[in-house]
Amino acid sequence: MAKTEQVAENAQLKDIIAHAKEYGFVYPSSEIYDGLQAVYDYGAYGVELKNNLKRLWWETMTRLNSNIVGIDASIFMHPTTWKASGHVDSFNDPMIDNKDSKKRYRADVLVEEHAANIENAGDVERANSLTAALARLLEAEDLAGVRDLITNEGIKCPISGTSNWTDVRQFNLMFSTQIGSVSEDASTIYLRPETAQGIFVNFLNVQKTARMKVPFGIAQIGKAFRNEIVARQFIFRMREFEQMEMQFFVRPGSELEWYKEWSETRMKWHRALGIPENKLRRHDHEKLAHYANAAMDIEYQFPFGFKEVEGIHSRTDFDLKSHQEFSKKKQQYFDPEINQNYIPYVIETSIGADRLFLMTLCNAYVEEEVDGKQRTYLKFHPAIAPVKAAILPLTKKDGLPEKAMEIVENLKYDFNIIYEEAASIGKRYTRQDLIGTPYCIAVDHQTLEDNTVTIRHRDTTEQERVAISDLHGRLTQECSFRRIFERI
Ligand code: ATP
């Protein structure tokens, strides 16, 4: 991406962050104390949007697939879980501090950003050889080598402008805390860094009690925590976030077929949500984690470039096998069709609810000029929009508010509805545009005569006259998940 383009795009991110705060989507956490880095709170419209996205994912998984069921496991887990999963020993990022600014960086990110600048300046070959050198050093766990690379390249701290660096050290991303009230009894436990392990340790419980047969999946939505060294780009990288993960258990040997199937299905899901083809891409991993035999990311073109929104991983039998070893409890499944016991292989689909939220917000944010006037609106798919319709009496008198309230009463049990009577109708339309309400329903004097209202459509601003008795049916059709499901 050219530099000028990058500057403009980051300005767009700034606009989106400001919009999210001003119109009740996302605020910095504990803002009155100046916030907490990389932790955010969702406001009145943010929580509705996020809940809709989570529900859409949940229903896609558990309703469209009769062989997928859900669970809700705890955030705290037995500490051995994280030994078995490999997180205690290797869930690390290499970090480096600048001695002058006292700022901490991810060493690999410093090199990658430096390489990206070189690439932007036109020297693609040198940029590629730099990233290849970094990959080799990380693979060999040569942290001194990574530091040499940083100093030899003359990479400077953006704050202090110096190259006065500490050594590179590994930093474990898990948060730990104590469980137990008496200090002698207390033991260290972790806040889960991923929801997947809650699924693995419950694999047999679920398989038996829900009478599942391989192939089958277990879905879960829940909080995860990572002490990210570099926490930037708004809700893209948070220290407390939400994951939506599904582990799909398959017969050994069939995993790559299922991996292909899930990769395609998940790409389709993003398209069905209304993400344009040119803003989505798949990125196949060349370097695989020790437990994976195939992996890819679904990336979206955020204002700061193409970045991962979802990961699809073929995790082999690594996790279940490791839990079997550490717990000494068999994690095998008896497959009646082939009369064999085996530890299933696993395909994982893992998406962050917050990243999905950010993608949805970026994709919905529209600034356009109409008749010389600037208009900003959020073009959410009606099925996920925080508010489905605003009911607006034209004036505060002549019985219009009462008539409008009758409509609210009829719709509120099935839809999130706003009633508003203050300010001019134009101002009220604008307010709804800014939070992405797809339909504004105006009640005027004609309504009293013939029981019709006008529906004003957010994206086109076009208006049409509709009978009140048709409103419920119209909204049901327009706002139903079915419209998205049918495109998957
Ligand atoms: P990244 O490379 O961006 O750190 P990752 O490869 O570590 O991500 P996974 O461990 O595969 O991510 O997690 C699965 C999903 O969880 C990601 O695709 C992302 O949507 C979400 N996720 C991971 N870390 C964070 C975070 N710190 N903040 C918000 N979402 C996150």
Side-chain angles (χ1 to χ4, degrees), residues 26 28-29 36-42 46 50 53-54 57 82 85-87 90-95 105-109 112-113 134-135 138 171-175 191-200 219-247 259 262-263 266-267 269-270 273 275 280-292 294-300 302 304-315 318-319 346-362:
V26 182
S29 156
L36 182 64
Q37 216 201 357
V39 186
Y40 290 89
D41 297 340
Y42 288 85
K50 195 178 180 201
L53 289 168
K54 290 196 291 186
W57 181 89
W82 306 110
S85 67
H87 284 81
S90 56
F91 193 50
N92 299 318
D93 275 342
M95 66 170 191
Y105 298 92
R106 254 175 73 174
D108 52 337
V109 172
E112 277 161 12
E113 285 181 350
L134 174 70
L138 290 175
F171 178 79
N172 193 290
L173 301 186
M174 281 198 294
F175 284 100
L191 300 190
R192 66 180 176 197
E194 62 175 30
T195 55
Q197 298 304 324
I199 296 179
F200 289 125
Q220 174 169 222
I221 299 179
K223 289 263 174 155
F225 303 82
R226 295 182 188 179
N227 200 359
E228 300 277 4
I229 300 168
V230 187
R232 278 183 313 178
Q233 289 153 341
F234 194 37
I235 55 172
F236 181 81
R237 191 174 299 287
M238 298 155 94
R239 295 204 165 109
E240 172 181 340
F241 57 100
E242 235 169 330
Q243 282 187 319
M244 308 196 284
E245 297 196 297
M246 194 279 296
Q247 312 293 323
Y259 168 74
W262 276 110
S263 312
R266 295 303 302 151
M267 279 298 272
W269 190 82
H270 290 271
L273 250 183
I275 308 298
L280 272 183
R281 73 178 187 196
R282 77 178 267 170
H283 167 239
D284 292 286
H285 289 205
E286 279 154 32
K287 186 175 166 274
L288 294 170
H290 57 285
Y291 53 76
M296 60 93 92
D297 298 333
I298 298 176
E299 296 184 337
Y300 171 73
F302 288 99
F304 42 89
F306 270 103
K307 296 274 181 242
E308 169 180 346
V309 176
E310 173 159 8
I312 323 286
H313 312 121
S314 173
R315 292 179 77 122
F318 171 82
D319 301 88
V346 172
I347 307 302
E348 165 182 81
T349 73
S350 174
I351 179 166
D354 312 272
R355 277 196 199 170
L356 171 63
F357 182 103
L358 183 59
M359 172 174 81
T360 309
L361 192 59
C362 291

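No experiment lies behind these values; they were computed from the predicted model shown. When a ligand or atom number is given, it counts from 1 through the structure's own listing order.
The shortest N or O to N or O distance between M238 and ligand 1 is under 3.5 Å. Between E308 and ligand 1, a contact under 3.5 Å exists for at least one N or O pair. Residue F241 places no N or O, backbone or side chain, under 3.5 Å from any N or O of ligand 1. At a 3.5 angstrom cut-off on N or O pairs, E245 does not count as close to ligand 1.
Classification of E245 and R192 as a salt-bridged pair fails, no side-chain N sitting under 4.0 Å from a carboxylate O. By the 4.0 Å N-to-carboxylate-O rule, K307 lies too far from D297 to be salt-bridged with it.
Counting the atoms of ligand 1 from 1 in the order shown, those under 4.0 Å from a heavy atom of E228 are 24 (N), 26 (C), 27 (N). Atom numbering of ligand 1 starts at 1 in the shown order; those under 4.0 Å from a heavy atom of V309 are 18 (O), 19 (C), 20 (O). Of all atoms in ligand 1, numbered sequentially from 1 with element shown, those under 4.0 Å from a heavy atom of F236 are 28 (N), 29 (C), 30 (N).
Not close to ligand 1: D354, with no non-hydrogen atom less than 4.0 angstrom away. Distances from ligand 1 to the non-hydrogen atoms of H313 include at least one value under 4.0 Å.
Contact of the M244 side chain with the E310 side chain is not registered, since no non-hydrogen atoms from C-beta on lie closer than 4.5 Å.
For atom 14 (C) of ligand 1, the closest non-hydrogen atom of the protein is S350 OG, 2.9 Å. Atom 4 (O) of ligand 1 has R237 NH1, 2.7 Å as its closest protein atom, hydrogens excluded (heavy atom only). The protein non-hydrogen atom at the shortest distance from atom 10 (O) of ligand 1 is R226 NH2, 2.9 Å. Scanning the protein for heavy atoms near atom 16 (O) of ligand 1, the closest one is Q243 NE2, 3.3 Å.
Counting heavy atoms only, R355 comes closest to atom 3 (O) of ligand 1 of the residues M359, R355, H285, K307.
Remark: of the listed residues F234, Y40, F241, Y42, Y42 is the sole one forming a ring-ring contact (aromatic ring centres under 6.0 Å, His included) with F357.
Separation of atoms CZ (R237) and CG (L358) is listed at 12.0 Å; rounding is to 0.5 Å. In this structure, T360 OG1 and H270 NE2 are separated by 9.5 Å, a value rounded to the nearest 0.5 Å.
For H87 and Q197, the side-chain atoms include no donor-acceptor pair closer than 3.5 Å.
Closest approach of F175 to N227, counting heavy atoms only: CE1-N, 3.5 Å. Q247 and E348 get closest at one heavy-atom pair: NE2-OE2, 2.9 Å.
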